[in-house]
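Keep in mind that this is a model prediction, so the values were computed, not measured.
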Amino acid sequence: MILPIECDGRDKALRIFNTLNNRGVALSAADILKGLIFANKSDAEKMEFGREWKALESQIQNSNYLEKEDISFLFLQYEHIIRAQHGEVDTKIPSVLDFWTKKSKKANLAADADLLDKNETFDFIKRLAEFWCNPYDHLNPEAQKYFAVLNIYQNKLWQMVVSVCFYICDKDKNSSIFDEILPQLAAYNALGLMYLKGGSSGLFWGFMRANVNIIAKVEIEHIFPQKWQDTNYNGWNEEEAQEYLEQIGNKILLEKKLNIHAGNEFFHRKKAIYKDSCIIEAQDLARSDKKDWRKEDIENRNAQIYQKFEEFFTKIFS
C-alpha cells in the first residue's frame, strides 16, 4: 500500500515522517540528515551524493577509532566548530538534529544559515572523517602520545577541542596547533579528575572556552606595551618598564586581530579595543575607569592572580 501525504513545509514533513516511522525502526540523526541533504540535491547530483554517503559510512565502519560511531558524530564535531566561530559557550547546547535542521534565532546556527544545503558543508564533513577515522596518521609522534593519554579518560568531550584543532589545520597545513593544545588538554582533564570534576559537566565550559580561544587565535597581550616610548607614562623609566613588562599582572589573553590593533597604544586607548574581545578579563579591563596602567596596577594584579592560584590548589590538595 502506498499512501501519499502532502506537506506544506520541511518541518511538517519531518514531523509527520518521524511520527509514522516511530511504528517501525527509529531513524538515526544521520539518516534524517542524509535525507534532508539528498532532498536538496539536483537530480544530477543525487546519485553521486548517495555514493559518497555510502563510502563515508563504510569508512567509519572500517575505522579502528570510529567503528562504534555513525556519521552524526561528524556533524556533532562540526557543530562545536560552528559554535566556537560564533563565540558561543552556553552549556545548554541543542541536539545535533535540532542544530542542523530546526531554525532558531538563538542557538541553531547551522539551521539558521541553511548550512545543510551548502556543498562545502559535506565537503568538510568528509575531510573531518579522514582525520577521525585515522587520527594517529595526522599527528606527529609527540602529539600521538598525548592523544593516547586523552583516550584513557572516560569523558570524551575533549574530542570537540581536537576537532577545532583539525579545523585550524585544515585551513593552515603548516599549523602546529595539535602540538600546542594536546598537552594542555591532557593536563586540563587531569586537573578535572584531581578536583573531582572529571565528568562531562565539570569540564564542558572549559572545553567550549578553549574552542573559542583557538578559533580566535588568542595571543598574549602586554597591557603596558612592549615597545618603550619616552612619552609612555608619567613616573616610568625604561629600566623599570623592562622589570615590570613580563610580570604576570601585565599580561592577558587577547584575540590575535585585536592584539595587533592594540599594538603599543596607551591604556586608555587599548580599553576601547579590549571591549570587543570575547575574553572576560579583557572585557573587565575595558570597563576600568583608569586612564593609565601603572606599576601599582601590575603589582595589584600580580597579587590577585597568585591568590586565585593559591585558592585553587588549596582546594585540590586539601
Side-chain angles (χ1 to χ4, degrees), residues 10 13-14 17-18 21 24-85 93-102 108-139 143-144 147-148 150-151 156-173 175 177-178 207 211 215:
R10 176 188 291 183
L14 188 60
F17 183 73
N18 286 336
N21 191 70
V25 178
L27 287 179
S28 67
D31 291 328
I32 296 173
L33 292 170
K34 174 187 176 183
L36 292 173
I37 299 173
F38 185 83
N40 287 301
K41 296 289 184 183
S42 67
D43 291 341
E45 295 172 323
K46 285 181 177 177
M47 186 171 293
E48 177 61 23
F49 170 72
R51 284 196 292 264
E52 289 181 338
W53 188 276
K54 187 174 182 180
L56 191 56
E57 288 179 324
S58 178
Q59 184 181 8
I60 292 174
Q61 290 169 359
N62 293 326
S63 165
N64 291 329
Y65 193 80
L66 286 188
E67 57 184 348
K68 295 181 180 179
E69 303 287 353
D70 63 18
I71 295 177
S72 63
F73 169 84
L74 302 173
F75 280 92
L76 174 62
Q77 298 307 310
Y78 200 3
E79 175 180 344
H80 291 306
I81 294 170
I82 295 168
R83 282 168 54 83
Q85 290 172 326
I93 68 170
S95 69
V96 175
L97 199 56
D98 283 350
F99 184 81
W100 287 93
T101 66
K102 186 177 180 181
N108 301 340
L109 300 166
D112 296 338
D114 295 315
L115 292 186
L116 276 184
D117 300 343
K118 301 183 186 300
N119 290 333
E120 53 264 34
T121 296
F122 190 59
D123 289 341
F124 179 74
I125 288 292
K126 289 186 290 184
R127 296 196 299 275
L128 192 59
E130 288 290 335
F131 171 80
W132 276 113
C133 284
N134 300 287
Y136 288 97
D137 294 348
H138 299 263
L139 305 172
Q144 287 177 8
F147 189 83
L150 287 166
N151 277 287
K156 298 299 181 185
L157 280 174
W158 55 266
Q159 292 173 331
M160 62 193 279
V161 184
V162 174
S163 291
V164 169
C165 291
F166 169 78
Y167 172 77
I168 298 298
C169 290
D170 189 55
K171 294 195 302 179
D172 178 7
K173 304 301 181 185
S175 173
I177 192 73
F178 284 120
F207 289 136
N211 282 350
I215 291 289

Do [X] and [Y] make a side-chain contact, defined as non-hydrogen atoms from C-beta onward lying under 4.5 Å apart?
X: Glu67; Y: Gln61; answer: no
X: Asn151; Y: Lys156; answer: yes
X: Gln59; Y: Glu130; answer: yes
X: Thr101; Y: Asn108; answer: no
X: Asn119; Y: Lys41; answer: yes
X: Ile71; Y: Glu57; answer: yes
X: Ile60; Y: Phe73; answer: no

If you count every heavy atom of other residues, nucleotides or ligands that lies below 6.0 Å from Asp137 atom CG, does the total exceed 12?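 Above 12, so yes.
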Grab the two heavy atoms, one from [X] and one from [Y], that are nearest each other, plus how far apart they are.
X: Asp98; Y: Ala111; result: O-CB, 4.2 Å
X: Leu56; Y: Ala129; result: CD1-CB, 3.3 Å
X: Tyr136; Y: Ala148; result: OH-CA, 3.4 Å
X: Ser175; Y: Ile168; result: OG-CG2, 3.7 Å
X: Gln144; Y: Leu139; result: NE2-O, 2.9 Å
X: Arg83; Y: Pro94; result: NH1-CD, 4.2 Å

Those residues that, when tested against Lys126, pass side-chain hydrogen bond (donor to acceptor under 3.5 Å, both in side chains) (two or more places apart):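 Residues passing side-chain hydrogen bond (donor to acceptor under 3.5 Å, both in side chains) with Lys126: Glu52.
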Determine whether a donor-acceptor pair (N or O, by modelled atom type, separation under 3.5 Å) exists between the side chain of [X] and the backbone of [Y].
X: His80; Y: Leu157; result: no
X: Glu69; Y: Leu66; result: no
X: Lys34; Y: Gly50; result: no
X: Ser163; Y: Gln159; result: yes

Give the ring-plane orientation class for [X] versus [Y], where under 30° counts as parallel, over 60° as perpendicular and anything between as tilted.
X: Phe178; Y: Phe131; value: parallel
X: Trp132; Y: Tyr65; value: parallel
X: Tyr78; Y: Trp100; value: tilted
X: Phe124; Y: Phe166; value: tilted

Please round to the nearest 0.5 Å and tell me the distance separating atom [atom1] of [X] and atom [atom2] of [Y].
X: Ile82; Y: Leu115; atom1: CD1; atom2: CG; answer: 5.0 Å
X: Gln85; Y: Leu109; atom1: CD; atom2: CG; answer: 9.5 Å
X: Asp123; Y: Leu128; atom1: CG; atom2: CG; answer: 12.5 Å
X: Leu116; Y: Leu33; atom1: CG; atom2: CG; answer: 6.0 Å
X: Leu76; Y: Phe99; atom1: CG; atom2: CZ; answer: 9.5 Å
X: Arg127; Y: Phe122; atom1: CZ; atom2: CZ; answer: 11.5 Å

I'd like to know if Glu48 pairs up with Arg51 as an ion pair, taking the criterion as any Lys NZ or Arg NE/NH1/NH2 lying under 4.0 Å from an Asp or Glu carboxylate oxygen.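 Salt bridge flag = yes for Arg51 with Glu48.
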